[in-house]
Amino acid sequence: MNVLDTLLQFAETTLVFYVAYVVLGSLAFGFLIWRRVYATPKAIERRLRPRLHDSDSNGR
């Protein structure tokens with residue numbers, strides 16, 4: 001019976017660690033998704049290009 005008790009204790013410990021692994025992994029993944037969805041958008045840097053059809057062309 002000592003071997004059976006040892007195996008059951010090992011299985012119980014393994015199950016606890018597996019559940020903790022799944023729960024913590026789900027929380028971490030959810031946090032990453034939450035950050036990506038609800039993060040404030042970064043300012044987009046836009047370069048100004050000269051317009052070829054602008055009024056500064058003196059009618060040419």
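Throughout, residue positions are numbered sequentially from 1 according to the sequence presented.
Residue F17 is found outside any hydrophobic cluster, as its side-chain heavy atoms come under 4.5 Å of no other Ile, Leu, Val, Met, Phe, Trp or Tyr.
With sequence neighbours left out, the side-chain contact (heavy atoms from CB on, under 4.5 Å) criterion links L8 to L4.
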Indicate every side-chain donor-acceptor pair of residues 19-38 with a distance under 3.5 Å to a residue at least two apart or in another chain.
from: S26; atom 1: OG; to: V22; atom 2: O; distance (Å): 2.9

